[in-house]
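Down below is the structure, laid out as structure tokens.
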Amino acid sequence: MTDQSPAAPSGFTPRVFSGIQPSGGLTLGNYLGAIRRFVDMQNAPENSGIEKIYCMVDMHAITVWQDPAKLTRNTRELAAGYIAAGLDPAQSILFNQSQVAEHAQLAWIFNCVARMGWMQRMTQWKDKAGKNSQNASLGLFAYPALMAADILIYHATHVPVGEDQKQHVELTRDIAAKFNHDFGVEFFPMTEPVIEGAATRVMSLRDGSKKMSKSDPSDASRINMTDDADAIAQKIRKARTDPDALPSEAGGLAERPEARNLVNIYAALNDQTVDQVLSDVGGKQFSEFKPMLADLAVEKLSPISTEMARLMQTPDEIDAILRGGADRAREIAAPILKKTYEIVGMIR
């Protein structure tokens, strides 16, 4: 949770933007690493006057082939996850990216600003394309420019992200700086990443060295945001640990990835620091700690899964919220794109 209202770069109004791909299978990692932090930022009293824009980035999802019916469902499920977790459409702007054409229009300009070398250095391009890069889509290669456009089409000054997305915000800053330099303006802000919380990177319940992922073949490796109370509790009780008691200080978790992961999850769910948790549970065995974590996780997560299930039964309600959010987003984006075209010399 933020301790103070974000300070915007000089000359820019504070504005928050972030988004998640609707690739299906929301996990606890998505919740603690992103959605929960979106909600905290929305609800912090010191942020009450700051616009918050949270997007389902469906245009990013299609950089790899998607089944159209599943993409539609996944977009609605992500929106349901946002809403069920506490994002209020009256307080935050919620929409799916493809409803606001300005994202793609600005992305083309940024494709002409960004350099090939910048894109080739992106860790996610290397990881996703791998040795098969010649057969990867052009969209997969260029999508960091679209991500920059997602952020800068709103002049967003702050982006809550996980550690693995920090490189993309750095690229966004590079693109903004080059655009401003090339055209002799101070038009786009130097966006700041906001990386906070005890569990910004949630790891697998079966292997504490790997990130929790919906693509892991073992469903026991993750907590799905659609899991019911029994499934949540069972997965935590069966989570991999080690035979030692919990330490009393965070330093004692350094070489214990599974222990560190479970303590991080507890801390994030209970709004505590790791040291605060360990001051309470230090010396306990996992046979004592796991039931505590299971009870806490069920308390915090099962209401979300229940509300997600309800919303998914009323897709028209979700779609109406997304349309309304897109209208509000366009009100911000359209004048920024218009001014960008004027700066570049494009007649509209």
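Judged purely by atom type and a 3.5 angstrom limit, Asn261 uses its side chain to pair as donor or acceptor with the backbone of Met203.
For Val64, the side chain to side chain contact (heavy atoms under 4.5 Å, CB included) partners are Gln66, not counting sequence neighbours. Under the ring pair (Phe, Tyr, Trp, His ring centres under 6.0 Å) criterion, Phe17 pairs with Tyr154, sequence neighbours left out. Shown here are the side chain to side chain contact (heavy atoms under 4.5 Å, CB included) partners of Ala220, two or more places apart in sequence or in another chain: Arg206, Ser218. Scanning for side chain to side chain contact (heavy atoms under 4.5 Å, CB included) contacts around Arg121 gives Trp118, with sequence neighbours left out. Under the side chain to side chain contact (heavy atoms under 4.5 Å, CB included) criterion, Arg76 pairs with Thr72, Met312, Pro315, Ile318, Asp319, sequence neighbours left out. In this structure, the side chain to side chain donor-acceptor pair (under 3.5 Å) partners of Glu342, at least two apart in sequence or on a different chain, are Lys338. For Arg240, there are no side chain to side chain donor-acceptor pair (under 3.5 Å) partners at least two apart in sequence or on another chain. Residues meeting the side chain to side chain donor-acceptor pair (under 3.5 Å) test with Asp207, sequence neighbours left out: Ser209.
In summary, the side chains of Asp150 and Gln97 do present a donor paired with an acceptor at a separation below 3.5 Å, with no hydrogens or angles considered.
Applying the ring-ring contact (aromatic ring centres under 6.0 Å, His included) test to every pair with at least one member in residues 292-322, sequence neighbours left out, gives no pairs at all. For the ring-ring contact (aromatic ring centres under 6.0 Å, His included) condition, the pairs that include at least one residue of residues 268-319, sequence neighbours left out, are Tyr266-Phe289. Counting only residues at least two apart or on different chains, no side-chain hydrogen bond (donor to acceptor under 3.5 Å, both in side chains) pair has a member in residues 279-302.
Asp327 CG to Leu322 CG: the interatomic distance, rounded to the nearest 0.5 Å, is 11.0 Å.
Summarising the local packing, CZ of Arg260 is surrounded by more than 12 heavy atoms from other residues, nucleotides or ligands at distances under 6.0 Å.
Under the 4.5 angstrom side-chain criterion for Ile, Leu, Val, Met, Phe, Trp and Tyr, the cluster partners of Leu71 are Ile62.
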